[in-house]
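For reference, the structure discussed in these notes is given below.
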Amino acid sequence: MRDSTATGPVPAQIAGRLMAWYDRHARALPWRVPPGVAQRPDPYRVWLSEVMLQQTTVAAVKGYFHAFTARWPTVQALAAAADDDVMAAWAGLGYYARARNLLKCAREVAARGGFPDTRAELQRLPGIGPYTAAAIAAIAFDRPEAVLDGNVERVMARLFAVETPLPAAKPALTELAAALTPLQRPGDHAQAVMDLGATICTPRSPACGICPVMAFCAARASGIAATLPRKTPKPAKPLRRGIVHVARRHDGALLLERRPARGLLGGMLGWPGSAWEETPRPAPPLEADWHTLEAEVRHTFTHFHLRLQVQVARVPPAAQPERGGFIARQEFDPQGLPTVMRKVWSLAGPALVD
DNA sequence: CAGCCGTGGCG
DNA sequence: TCGCCAAGGCT
């Protein structure tokens, strides 16, 4: 539902310019039906791509999208997948709550016989918030819903010279985006604004000279385009430290532990170790002759920097760990680990070679 | 509702 | 090297 439409002369002109530009310059993307093709995209592929694209770049998503759609071509297939297989397939993409919610959502959708086709119903599903619900409704079901993501926020802030910093400006930007959304081809309009933000109206050094709506842009007119949108400064990231333990049994098996379902790296496999805090206390998963590696692993999460000390040990076949379990060398695939754990393996693996 | 939640690329 | 940023959602 919108409280306004693109009926005013200026919004209609802007939307028209955007659509004409999109018809000529739309990027070819694996989940996208090109403009002008009279065919609705598969809601499953729209949903999957939109969830993967949450706070994630197109380049990072492409490979995962191909892997998922090849292995699970339908929402029914994904709904029937094993949890651990989906988590391992998602490994490296980040924000692992998305993968957990993806499975929950797939199972709800499969059980009800398909995706709902309205924004309100879509938003009741796990992992689908205001943005994703609007995007699926507009792109897959041709509903005139306005999407508001980081790209749209930036384009609206500049077009209409909104100087209020985010997140306070969000309601105003939402209204502007809704006022610009046309009743015809709302899905293409949404993708046009996002494409514009991704390729021309970029965060730094926007290419205003080739922008299809330059003539309408208030920020461009006053020379402040590159300074918008304003944002309230974020606090600095603190440094946390940790100690991880990589145990290799004589038969090659490796000691791994599945992390708690919620929280950081929730539900993912990892190496056992200490908590990550200012001054961690060692927490070896079993008694062994631990050897500390010289190099540390450095990694940055959303809200803190991490430095990990890595300890390795070879342990006898009868070793009984207090936490985690041994995984046979042949079943171990570092690609199924989150990136920080892959970094640990890249140091520990060579140190444990026979 | 503000804090939590990954990762990689870029300037 | 470092901070910013990306097709946000959950609690």
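Every chain is numbered from 1 and lettered A, B, ... according to where its sequence line falls, protein lines coming before strand lines.
For the pair A:H299 and B:dT7, the criterion of a side-chain N or O lying under 4.0 Å from OP1 or OP2 is met. Here A:H303 does not reach the OP1 or OP2 of B:dG3: none of its side-chain N or O atoms lies under 4.0 Å away. Between A:R100 and the phosphate of C:dG9, there is no side-chain N or O to OP1/OP2 separation shorter than 4.0 Å. Here A:Y96 reaches the OP1 or OP2 of B:dT7: one of its side-chain N or O atoms lies under 4.0 Å away. For B:dT7, neither phosphate oxygen OP1 nor OP2 lies less than 4.0 angstrom from any side-chain nitrogen or oxygen of A:T56. Not one side-chain nitrogen or oxygen of A:S205 sits closer than 4.0 Å to the OP1 or OP2 atom of B:dG11. For the OP1/OP2 pair of C:dA6 and a distance below 4.0 Å, the side-chain nitrogens and oxygens of A:R154 include at least one atom meeting the criterion.
Between C:dT11 and B:dG6, the distance separating the two P atoms is 14 Å to the nearest Å. With P as the reference atom, C:dC4 and B:dG3 are 16 Å apart, rounded to whole Å.
The A:R204 side chain lies nearest to C:dG3 when the options are C:dG3, B:dG6, B:dT7. For A:D149, taking side-chain heavy atoms from C-beta onward, the closest of the listed nucleotides C:dG8, B:dT7, C:dA6 is C:dG8. Of the candidates C:dG8, B:dT7, C:dA6, C:dG8 carries the atom nearest the A:Q54 side chain, counting heavy atoms from C-beta on. Checking C:dA6, B:dC5, C:dG3 against every side-chain atom of A:P203, the shortest atom distance belongs to C:dA6.
Among the candidates A:F68, A:W72, A:Y95, the single residue satisfying the ring pair (Phe, Tyr, Trp, His ring centres under 6.0 Å) test with A:W90 is A:F68. When each of A:K343, A:R342, A:H305, A:R307 is tested with A:H299 by the rule side chain to side chain donor-acceptor pair (under 3.5 Å), just one qualifies, namely A:K343. The only member of A:D195, A:D188, A:D42 that meets salt bridge (charged side-chain N to carboxylate O under 4.0 Å, His left out) when paired with A:R32 is A:D195. Here the rule is side chain to side chain contact (heavy atoms under 4.5 Å, CB included) with A:I200, and of A:C208, A:P206, A:P212 only A:P212 fits it.
Nucleic acid contact for A:G197: none, since no nucleic acid atom lies under 4.0 Å from a heavy atom of the residue. Using a 4.0 Å heavy-atom criterion, one finds that A:T132 contacts the sugar-phosphate atoms exclusively. Within the nucleic acid shown, A:P130 comes within 4.0 Å of sugar-phosphate atoms alone, with no base atom in reach, counting heavy atoms only. Note on A:V340: only backbone sugar-phosphate atoms sit closer than 4.0 angstrom, heavy atoms only; bases stay farther off. Within the nucleic acid shown, A:W31 comes within 4.0 Å of at least one base atom, counting heavy atoms only. Contact annotation for A:T339: backbone-only contact, meaning every heavy-atom pair under 4.0 Å involves sugar-phosphate atoms and none involves a base. Note on A:L102: nothing from the nucleic acid sits closer than 4.0 angstrom, heavy atoms only. If you check every strand for non-hydrogen atoms under 4.0 Å, A:L93 touches a base.
When all heavy atoms are compared, the tightest approach of A:R154 to A:C201 is NE-O, 2.7 Å. Here the shortest heavy-atom pairing between A:V312 and A:A348 reads CG1-CB, 3.7 Å. Here the closest non-hydrogen pair linking A:A319 and A:F326 is O-CE1, 4.0 Å.
The interatomic distance linking A:R119 (CZ) with C:dG9 (P) rounds to 10 Å, in whole Å. Note: CD (A:Q55) to P (C:dC10) measures 13 Å, nearest angstrom. For the pair A:F304 CZ and B:dC4 P, the computed distance is 10 Å after rounding to whole Å. A straight line from CZ of A:R27 to P of C:dA6 spans 13 Å, rounded to a whole angstrom. Rounded to a whole Å, the CZ atom of A:F301 is 21 Å from the P atom of C:dA6. Between the NZ atom of A:K231 and the P atom of C:dG3 there is a distance of 17 Å, given to the nearest Å. In this structure, A:N101 places its CG atom 8 Å from C1' of C:dG9, rounding to the nearest Å. Computed from coordinates, the A:K234 NZ to B:dC5 P distance equals 16 Å when rounded to whole Å.
Where A:R32 and A:Q123 each meet DNA chain C at their nearest nucleotide, the meeting point lying more 5' is that of A:R32.
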